[in-house]
Amino acid sequence: MFGKRLPDETVEVTSTDKGLDVTYNGQLHSIALTFTGNDRYITIRGFQELIRDKYEIRLFDFTEAAVGGTGCPVSGAE
């Protein structure tokens, strides 16, 4: 998914028995996973470490609870 968002970069991912092998611009990096529900966040943080010199990953929560039931993100305290 991340590789599709970075058209000027080369990203390949292979699953292993320990997690993920990520080849980013020709360099191999391993991201160890726990094979639990936390792996989503481990993957995001691991990939952010690889791209940190050029990019920053930002995640947004647009669930009803996060936006106060209005359908729009809430900024500041209400």
Side-chain angles (χ1 to χ4, degrees):
M1 176 177 120
F2 295 122
K4 293 178 184 177
R5 303 277 184 196
L6 306 173
D8 297 331
E9 311 297 328
T10 303
V11 180
E12 295 177 14
V13 180
T14 304
S15 296
T16 70
D17 60 341
K18 295 184 182 197
L20 301 173
D21 280 345
V22 179
T23 303
Y24 176 63
N25 289 337
Q27 294 187 343
L28 179 63
H29 306 271
S30 293
I31 299 175
L33 299 179
T34 60
F35 300 97
T36 68
N38 292 329
D39 285 347
R40 173 182 180 186
Y41 305 103
I42 294 169
T43 302
I44 292 167
R45 285 191 298 266
F47 193 72
Q48 175 61 53
E49 284 298 308
L50 301 179
I51 65 171
R52 71 176 181 254
D53 292 338
K54 292 177 74 176
Y55 303 98
E56 179 180 1
I57 295 174
R58 294 185 182 194
L59 303 176
F60 299 93
D61 183 356
F62 289 107
T63 61
E64 188 171 329
V67 296
T70 64
C72 298
V74 176
S75 61
E78 304 229 2

Distance-only donor-acceptor pairs under 3.5 Å for side chains of residues 27-35, two or more places apart:
| unit_1 | atom_1 | unit_2 | atom_2 | d |
| --- | --- | --- | --- | --- |
| Ser30 | OG | Asp21 | OD1 | 2.8 |
| Thr34 | OG1 | Thr36 | OG1 | 2.7 |
| Thr34 | OG1 | Asp39 | OD1 | 2.9 |

For this session: Could you name each residue pair satisfying salt bridge (charged side-chain N to carboxylate O under 4.0 Å, His left out) that touches residues 46-56, not counting sequence neighbours?
Result: Glu9-Lys54, Glu49-Arg52, Glu56-Arg58

What donor-acceptor contacts under 3.5 angstrom involve side-chain atoms of residues 11-19, with partners at least two apart or in another chain?
| unit_1 | atom_1 | unit_2 | atom_2 | d |
| --- | --- | --- | --- | --- |
| Thr16 | OG1 | Lys18 | N | 3.2 |
| Thr16 | OG1 | Gly19 | N | 3.0 |
| Thr16 | OG1 | Gly19 | O | 3.3 |

Problem set entry | Counterpart residues, salt bridge (charged side-chain N to carboxylate O under 4.0 Å, His left out), relative to Arg40 (two or more places apart) | none

Exercise. With a 4.5 Å heavy-atom cut-off, do Tyr24 and Thr10 have their side chains touching?
Worked result: no

